[in-house]
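Heads up, the thing below is written out as structure tokens.
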2 protein chains.
Amino acid sequence: MKLSTRSRYGTRMMLDLAQHYDEGPVQIGNVSKRENISVKYLEQLIIPLKKANFIKSIRGPKGGHMLAKPPEEITVGEIVRVLEGGINLSNCIENPEVCNRTTRCLTRGVWEEATKAMYDKLNSVTLSKMINDDSSS
Amino acid sequence: MKLSTRSRYGTRMMLDLAQHYDEGPVQIGNVSKRENISVKYLEQLIIPLKKANFIKSIRGPKGGHMLAKPPEEITVGEIVRVLEGGINLSNCIENPEVCNRTTRCLTRGVWEEATKAMYDKLNSVTLSKMINDDSSS
DNA sequence: TCTAATCTATAGCATTTGGCTATAGTATAA
DNA sequence: TTATACTATAGCCAAATGCTATAGATTAGA
């Protein structure tokens, strides 16, 4: 019942980009140093985030990555949804055949509701909110 | 980001026991047949549930297992907490050294809040509620 | 035009975790 | 005393995770 490092590292990267928003493109190597995450791993996380239109990239020398929209318009929930494999606590929703007759549906609803509660919370937090709420910066 | 089968199977077993509450001890073999879960796997799940005082067992022939308290006093959240390994989306709470300086604490709070939101929901659902809410029974 | 600095894509692998099975018991009602 | 239950621990296979490596494509600037 852990979030994958994809989500957690990806969120940290997005937060790093948010902190350097308006400073032009940020090189992935710099994010790597600051966040202590391998360049190659970050590169993998960038791909889906670009496809989801959260990051835009500029190629060539002096290129780099930056948020595709302002930090107040990106929520943690969106980032997690993009990076995490599935978004449900159980997969009996997509695959009803894993249920047996006796307690079918009895447990399903709870897992759905709990998943929703979690994402509702994550959706309520934007990158700018995270930065502003930080008391140590 | 899936719940383990321990939690899901364990919840189904508890639900099964709840449905046969007041019928005397339930043999693990019967739960196994009804829920289509291996006896040996169920036996493993019973141990922690007994330690947490959610199940009591009677040995010998005609023995079996039963809920240690009424279904309305047991919540899904309690069951999941007992059966799931960790209860947090991230383990940077217990192990602060996995955090790096730059974004320390910035992300931690979100994971904590989302975890709490999920458990708040699970804690609000009792076994009896699940049975009564079922429209197909 | 060339090239260094960057981003892109895919494959692969080592470790961990999850999910389950097997073995060897212990306890007890009939 | 024995069949029917429950208890405890070890081990194994498969899948997922977390990361690394290799090869290549793009492009601003000299």
Side-chain angles (χ1 to χ4, degrees), chain A residues 1-13 17 24-33 35-52 54-68 80 83-92 95 98, chain B residues 1-13 17 24-33 35-52 54-68 80 83-92 95 98:
Chain A
M1 200 41 219
K2 291 269 184 283
L3 226 43
S4 68
T5 55
R6 281 176 65 88
S7 294
R8 291 185 287 111
Y9 289 9
T11 301
R12 281 166 59 197
M13 171 170 58
L17 293 183
V26 174
Q27 283 74 41
I28 213 171
N30 291 335
V31 178
S32 169
K33 285 193 211 91
E35 301 296 332
N36 198 30
I37 303 171
S38 108
V39 167
K40 287 297 173 190
Y41 200 47
L42 287 176
E43 284 174 342
Q44 283 186 34
L45 303 183
I46 284 176
I47 313 281
L49 289 169
K50 287 187 63 165
K51 283 181 181 156
F54 293 140
I55 290 181
K56 62 183 174 192
S57 305
I58 297 167
R59 292 182 159 220
K62 304 288 178 188
H65 301 280
M66 56 197 309
L67 295 186
V80 171
L83 294 177
E84 203 71 17
I87 63 161
N88 289 299
L89 291 183
S90 170
N91 52 14
C92 64
N95 310 310
V98 303
Chain B
M1 199 43 219
K2 291 270 183 283
L3 225 44
S4 69
T5 54
R6 282 174 65 89
S7 294
R8 291 186 289 112
Y9 289 9
T11 301
R12 281 166 58 197
M13 170 170 60
L17 293 183
V26 174
Q27 283 75 41
I28 213 170
N30 291 336
V31 178
S32 169
K33 285 193 211 92
E35 302 296 331
N36 198 30
I37 304 170
S38 108
V39 167
K40 286 298 173 190
Y41 199 47
L42 286 175
E43 283 175 343
Q44 283 187 34
L45 303 183
I46 284 176
I47 313 282
L49 289 168
K50 287 188 62 167
K51 283 181 181 157
F54 293 139
I55 288 181
K56 61 183 175 190
S57 305
I58 297 166
R59 293 182 157 221
K62 304 287 177 188
H65 301 280
M66 54 198 308
L67 295 187
V80 171
L83 294 177
E84 203 72 17
I87 63 161
N88 289 300
L89 291 183
S90 170
N91 52 15
C92 63
N95 310 310
V98 303

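Chain A is the first sequence line, chain B the second, and so forth, proteins listed ahead of strands; every chain is numbered from 1.
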Atom NZ of Lys56(B) and atom P of dT7(D) are separated, to the nearest Å, by 14 Å

Atom-pair distance (NZ on Lys62(A); C1' on dA30(D)), nearest Å:
13 Å

Mind calculating the distance between CZ (Arg59(B)) and C1' (dT28(C)) to the nearest angstrom?
8 Å

Using a 4.0 Å cut-off on protein heavy atoms (strictly under), produce a 5'-to-3' string for nucleotides 11-23 of chain C with B for base contact, S for backbone-only sugar-phosphate contact, and - for none.
B-------SBB-B

Nearest listed nucleotide, side chain of His65(B), among dC7(C), dA28(D), dC6(D)
dC6(D)

Gln27(B) has a side chain; which of dA5(D), dA25(D), dT7(D) sits nearest to it?
dA5(D)

Classify the nucleic acid contact of Gly64(A) as base, sugar-phosphate or nothing, counting any heavy atom under 4.0 Å across all strands shown.
sugar-phosphate

Has the side chain of Glu84(B) got a donor or acceptor atom that lies under 3.5 Å from a matching backbone atom of Ser4(B)?
yes

For residues Glu35(A) and Arg12(A), report the shortest heavy-atom separation together with the two atoms involved.
O-NH2, 2.6 Å

Measuring only between side-chain heavy atoms, which start at C-beta, is Ile37(A) closer than 4.5 Å to Met13(A)?
no

Distance, rounded to the nearest Å, where Leu49(A) contributes CG and dA9(C) contributes P
14 Å

Nearest-Å distance for atom pair CG/C1', residues Leu45(A) and dC19(D)
11 Å

Would you indicate whether the side-chain heavy atoms of Ile55(A) and Lys50(A) approach each other to under 4.5 Å?
yes

Leu83(A) atom CG is separated from dG18(D) atom C1', nearest whole Å, by 14 Å

What's the shortest heavy-atom distance between Leu83(B) and Pro48(B), and which atoms?
CD2-CG, 3.8 Å

Any donor-acceptor N/O pair, Thr11(A) side chain to Ser7(A) backbone, under 3.5 Å
yes

How many whole angstroms separate atom CD1 of Ile46(A) from atom P of dT8(C)?
7 Å

Taking every heavy atom of Leu67(A) against every heavy atom of Lys56(A), the minimum-distance pair comes out as O-CE, 4.0 Å

In this structure, how many angstroms lie between the P atom of dT26(D) and the NZ atom of Lys50(A), rounded?
12 Å

Which comes earlier along DNA chain C counting from the 5' end, the contact point of Gly63(A) or that of Ile47(A), where each point is its nearest nucleotide?
Gly63(A)

